[in-house]
Amino acid sequence: MFLCRSKNRSSPRPRGVSINCHTSSYRIVFVYLKGVHMAEHFSKRTATCGSLTKADDKKAVILNGWVHRHRDHGMIHFINLRDRYGITQVIVDDDSSKELQQVALSLNLEDCISVTGVVRARPASMVNPEMATGEIEVKAEQIEILSTCAPLPFQIDDGNVPREELRLKYRYLDLRTEGMKKRIKLRHDTVWAIRRYLSARGFYEIETPTMIKSTPEGARDFLVPSRIHVGKFYALPQSPQLFKQILMVGGMDKYFQIARCYRDEDARGDRQPEFTQLDLEMSFVTRDDVLSTMEGLFGYVFKEVMDYDLPPTFRRFSYEEAMNTYGCDKPDLRFGLELQDMNDLASRSTFATFKEIVAQGGHVKALCAPHSEIVDFSRKYITDLENAAKVYGAHGLAWMKVGENNTINGGISKFFEGLQGEIIDRFDAKEGDMILFVAHKEWKKTCASLSAVRSKLGKDLQLIRPGFEFCWIVDFPLFEYNEERGQWEAAHHMFSMPQAEYIDTMEEDPGKVKGDLYDLVLNGYEVASGSIRIHDVELQKRIFRICNFDDETAQERFGFLLTAFSFSPPPHGGIAPGIDRIVMIMAGESSIHEVIAFPKNTAGISPMDDSPSFVEEKQLEELHLKIVYPEKKE
RNA sequence: GAGGGUGUAGCGAAGUUGGUUAUCGCGACGGCCUGUCACGCCGUAGAUCGCGGGUUCGAGUCCCGUCAUCCUCGCCA
């Protein structure tokens with residue numbers, strides 16, 4: 001295409017000057033630069049919009065970018081030209097040619113242009129200290145409009161953030177904003193820091209298939225129909241779990257992968273149908289090896305990417321301890337408000353409701369909200385807290401206030417005659433504090449409800465310290481009883497190792513068995529989950545049986561793993577940190593959408609490409625599929 | 001599957017106990033301006049108030065339904 005015009009190369013142009021040839025529907029521009037003759041569609045940049053400084057004074061440059069702003073003062077135009085690297089002020093004034101002034105006049109915001117010109121240092125009075133390139137500007141000699149911008153559906157850069165629906169529909173415009181660029185860079189930096197760290201420590205990055213056999217437990221699978229094998233389906237992986245274990249059997253020793261995972265469940269602010277995990281597995285390790293590898297990794301990543309110092313090791317809580325102290329298994333340690341067990345005092349009180357719940361084996365827990373200048377502990381506010389608790393099953397939220405001279409008053413205080421001293425001591429409560437109680441037959445619901453109250457208080461009273469607080473939650477129960485299905489299920493997954501002391505007798509009371517399981521928690525979010533795996537076929541089969549998988553079913557579903565495990569698997573374990581969530585927290589955001597280039601909305605729809613969509617009848621025929629629509633409800 | 005919030009001009013918002021011609025900022029368009037940097041000044045256009053129905057003399061406002069979207073519970077080994 002260019003060859004036929006190559007003869008024009010014989011007429012070199014002075015540096016920075018170009019000629020537009022309108023010999024075809026597009027422009028061909030010939031640029032003479034650094035002694036090289038080239039035919040190009042456009043004047044290619046010699047610098048970026050963030051790179052020029054005073055040291056470049058008088059230098060001839062070409063910049064490519066978008067018109068970020070255009071200030072037209074009649075005989076002088078200021079054009080803020082933007083690219084990924086920054087913004088540079090371009091100037092067109094009365095020295096400029098009529099043609100150039102004409103072009104400047106015709107510029108619209110977000111037009112993509114190429115500016116050929118000369119850098120000049122700004123006089124002291126015109127320096128803009130707010131701008132990285134505020135000490136210089138580029139006097140334009142020529143401006144080419146590379147492409148024009150249609151009327152914008154929303155403005156690219158200002159305080160008015162459009163509703164997310166629009167941002168997602170026109171994500172390419174949204175990506176041009178400073179915030180998105182910063183977050184995409186943060187994600188890139190994070191992923192590359194991870195790769196550097198792990199590779200330097202002997203980990204191999206290995207890809208595993210994204211079309212795999214469907215495994216029925218856990219979340220719903222996304223299915224991919226096979227055209228060749230009628231009636232058969234691949235599944236998209238919920239995680240590379242089985243493959244990474246098999247990589248260990250294959251002697252890969254240390255593996256990681258930035259892996260896309262798919263779960264067909266309802267989305268949330270911190271959940272997408274497809275998401276990215278750092279999947280990682282190691283051979284010949286115990287739990288503490290995995291934990292310290294992660295501590296080292298995140299210490300490195302946070303230092304490299306954010307210059308933030310993490311402690312060399314993270315606090316550890318057993319599952320039970322975390323639940324009893326914070327009410328949940330992903331506590332936000334950036335504030336206190338620890339829970340206290342109140343069963344003893346409740347049963348010594350005259351409060352029938354509490355006494356009854358304790359007598360039935362239930363739980364009464366409480367926390368102490370400190371006196372606050374920000375929030376008035378009014379009846380209305382207590383009702384707000386109560387509603388937060390009720391979402392998680394609490395029937396109500398009881399309260400009492402701490403008065404002067406170690407007294408308690410209001411709410412349920414009258415039932416605690418003679419116990420006020422003990423209550424106040426237990427919380428080290430001060431005048432103006434409020435003590436809040438949740439009582440429920442179920443331990444988990446008591447914890448979860450009061451945890452919701454704790455979270456709301458943390459936010460409302462502005463108790464949350466800035467920063468990043470990691471912790472480990474360990475010793476999770478290995479099994480959970482599913483009331484609905486009337487059977488035991490793996491709390492994490494069926495490949496996790498029971499702790500040694502439970503192995504011999506685990507069939508007797510599966511509910512008591514603790515696993516070699518661990519979660520990594522950051523600022524109240526679960527950001528990683530892992531375990532030491534079973535590497536013994538017989539033990540694996542016993543776990544399957546407890547989870548109501550008979551040998552035949554287990555063989556059918558996981559036969560390939562069991563077969564692999566008959567060939568001397570090493571002891572191994574691993575973990576899978578969620579990249580989206582971690583980068584989200586690093587970015588100080590509350591939705592993973594903000595750190596994903598093309599996220600789906602809460603309904604699993606991608607507003608930009610409008611997926612999912614119907615397919616051609618012919619495609620269905622090839623796959624031997626027929627859609628049976630659900631009947632509409634009356 | 002359930003509960004809650006939101007929907008007013010291209011974008012972001014205001015709109016009182018229901019009451020005249022629905023307001024403001026940004027943007028767009030036209031004009032003026034030689035040092036701005038969120039430039040400034042003058043002017044113009046732009047809204048079936050998500051959609052459908054109801055109550056009322058009168059609905060952006062009240063009621064019912066519906067759609068979209070966000071948050072939450074369930075779900076997410």
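Below, chains carry the letters A, B, ... as their sequence lines are ordered, and counting in each starts from 1. For clarity, every value in this text was computed on a predicted model and none was experimentally measured.
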* A:Asp609 versus A:Ser606, side-chain donor and acceptor atoms under 3.5 Å -> yes
* Asked: Quantified in whole Å, what is the P atom distance between nucleotide B:rC49 and nucleotide B:rC62?
  -> 15 Å
* Taking the same atom, C1', in B:rC33 and in B:rC41, what whole-Å distance lies between them? -> 8 Å
* **Separation of the P atoms in B:rG53 and B:rG58, to the nearest angstrom** => 16 Å
* Asked: If you measure only the distance, is there a donor-acceptor pair under 3.5 Å linking the side chains of A:Asp111 and A:Thr148?
  -> no
* Asked: Looking only at side-chain N and O atoms, does A:Asn601 come under 4.0 Å of OP1 or OP2 in B:rU69?
  -> yes
* Asked: side chain to side chain donor-acceptor pair (under 3.5 Å) with A:Tyr326: which residues, sequence neighbours excluded?
  -> A:Glu338
Taking only N/O atoms, report every protein-nucleotides 29-32 of chain B pair under 3.5 Å with atom names and distance.
unit_1: B:rC29; atom_1: OP1; unit_2: A:Asn108; atom_2: OD1; d: 3.3

* Asked: Using the C1' atom in both, what is the distance from B:rG31 to B:rC57, to the nearest Å?
  -> 47 Å
* So what does A:Glu137 hit on the nucleic acid, given a heavy-atom distance under 4.0 Å: a base, only sugar-phosphate, or nothing? -> base
What pairs of nitrogen or oxygen atoms, one from the protein and one from nucleotides 22-25 of chain B, lie under 3.5 Å apart?
unit_1: B:rG25; atom_1: N2; unit_2: A:Asn160; atom_2: ND2; d: 2.8

* Using the C1' atom as the reference point in each nucleotide, state the distance between B:rU6 and B:rU61 in Å, no decimals. => 16 Å
* State which residues pass ring pair (Phe, Tyr, Trp, His ring centres under 6.0 Å) with A:Tyr319; sequence neighbours excluded, sorted by chain then number. => A:Phe476
* Geometric cation-pi criterion A:Arg454 and A:Phe335, 6.0 Å radius, 45° cone -> yes
* **Proximity to the side chain of A:Arg163 - top-ranked nucleotide from B:rC37, B:rG12, B:rU69** => B:rG12
* **Counterpart residues, side chain to side chain donor-acceptor pair (under 3.5 Å), relative to A:Asp56 (two or more places apart)** => A:Lys59
* Structure fact -> Residues passing the side chain to side chain donor-acceptor pair (under 3.5 Å) test with A:Lys169, sequence neighbours excluded, are none
* Considering only the C1' atoms, how many Å lie between B:rU17 and B:rC70, rounded to the nearest integer? -> 31 Å
* Nearest-Å distance for atom pair CG/C1', residues A:Leu173 and B:rG27 -> 14 Å
* By side chain to side chain contact (heavy atoms under 4.5 Å, CB included), which residues pair with A:Ala132, not counting sequence neighbours? -> none
* Are A:Phe154 and the base of B:rC11 stacked, counting only ring centres nearer than 5.5 Å and planes tilted under 30°? -> no
* **Identified pairing partner of B:rA13, criterion: Watson-Crick or G-U wobble below 3.5 Å** => B:rU23
* Asked: A:Lys600 has an atom NZ; how far is it from atom P of B:rU69, in whole Å?
  -> 14 Å
* Go through the side-chain N and O atoms of A:His77 and A:Gln101 and say whether any donor and acceptor fall under 3.5 Å apart. => no
* Output all residues satisfying ring pair (Phe, Tyr, Trp, His ring centres under 6.0 Å) with A:Trp488, sequence neighbours left out; order by chain, then residue number. => A:Tyr481
* **Base-pairing assignment for B:rG40 (Watson-Crick or G-U wobble, both under 3.5 Å)** => B:rC32
* Asked: Hey, does A:Glu165 reach any base, or is it just sugar-phosphate, or nothing, if we go heavy atoms under 4.0 Å?
  -> sugar-phosphate
What side-chain donor-acceptor pairs closer than 3.5 Å can you find for residues 552-561 of chain A, not counting sequence neighbours?
unit_1: A:Thr553; atom_1: OG1; unit_2: A:Asp550; atom_2: OD1; d: 2.7
unit_1: A:Thr553; atom_1: OG1; unit_2: A:Asp550; atom_2: OD2; d: 3.3

* Base, sugar-phosphate, or nothing: which does A:Ile91 touch, judged by heavy atoms less than 4.0 Å apart? -> base
* **Base of B:rC39 and ring of A:His73 stacked, centres under 5.5 Å, planes under 30°** => yes
* Structure fact -> In Watson-Crick or G-U wobble terms, with both distances under 3.5 Å, the base opposite B:rG46 is none
* To do: Remember a base hit wins even if backbone is also touched, and classify A:Ser125 as base, sugar-phosphate or nothing at under 4.0 Å, heavy atoms.
  => nothing
* Roughly how many Å is it from CG in A:Asp264 to P in B:rG1, rounded to a whole number? -> 13 Å
* **Whole-Å C1' distance, B:rU56 and B:rU8** => 22 Å
* Report the distance from atom CZ of A:Arg69 to atom C1' of B:rU36, rounded to the nearest whole Å. => 12 Å
* To do: Return the orientation label for the A:Tyr172 and A:Tyr170 ring planes: parallel under 30°, perpendicular over 60°, tilted otherwise.
  => perpendicular
* Is there a Watson-Crick or G-U wobble partner for B:rU55 with both distances under 3.5 Å, and which nucleotide is it? -> none
* **Interatomic distance where CE belongs to A:Met126 and P belongs to B:rU36 [whole Å]** => 7 Å
* Counterpart base for B:rG7, defined by Watson-Crick or G-U wobble contacts under 3.5 Å -> B:rC67
* Is a side-chain donor-acceptor pair under 3.5 Å present for A:Ser239 with A:Gln277? -> no
* Rounded off to whole Å, could you give me the CD-to-P distance for the A:Glu130 and B:rU36 pair? => 15 Å
* Asked: Counting any heavy atom closer than 4.0 Å, what does A:Met131 reach on the DNA or RNA strands: base, sugar-phosphate only, or nothing?
  -> base
Please tabulate the protein-to-nucleotide N/O contacts below 3.5 Å involving nucleotides 43-46 of chain B, giving atom names and distances.
none

* **Nearest-Å distance once atom P is located in both B:rU23 and B:rC29** => 23 Å
* **Carboxylate-amine/guanidinium proximity below 4.0 Å for A:Lys54 and A:Asp57** => no
* Euclidean distance, atom CD1 of residue A:Ile156 to atom P of B:rG10 [Å, nearest integer] -> 18 Å
* To do: Classify the side chain of A:Arg122 versus the base of B:rC37 as yes if they form a donor-acceptor pair under 3.5 Å and no if they do not.
  => yes
* Structure fact -> In B/S/- notation (B base, S sugar-phosphate only, - none; protein heavy atoms under 4.0 Å), nucleotides 71-76 of chain B written 5' to 3' is SBBBBB
* Would A:Asp475 and A:Gln499 satisfy side-chain hydrogen bond (donor to acceptor under 3.5 Å, both in side chains), going step by step from the backbone distance to the final call? -> CA-CA 8 Å; A:Asp475 300 337; A:Gln499 292 184 4; 2.7 Å; yes
* Asked: Contact class for A:Pro162 (heavy atom, under 4.0 Å): base, sugar-phosphate, or nothing?
  -> sugar-phosphate
* **Short N-O contact, A:Glu110 and A:Arg176, less than 4.0 angstrom** => yes
* Structure fact -> So CG of A:Asn128 and CD1 of A:Ile136: to nearest 0.5 Å the spacing works out to 11.0 Å
* Asked: Partner of B:rG1 by Watson-Crick or G-U wobble geometry, both contacts under 3.5 Å, or none?
  -> B:rC73
* Asked: At under 4.0 Å, does any side-chain N or O of A:Arg71 touch on OP1 or OP2 of B:rU36?
  -> no
* To do: Starting at atom CD1 of A:Ile87, determine the distance to atom P of B:rU36, rounded to an integer number of angstrom.
  => 18 Å
* Looking at every strand, decide which applies to A:Arg557 at a 4.0 Å heavy-atom threshold: base, sugar-phosphate, or nothing. => nothing
* Which residues pass the side chain to side chain donor-acceptor pair (under 3.5 Å) test with A:Thr215, sequence neighbours left out? -> A:Glu217
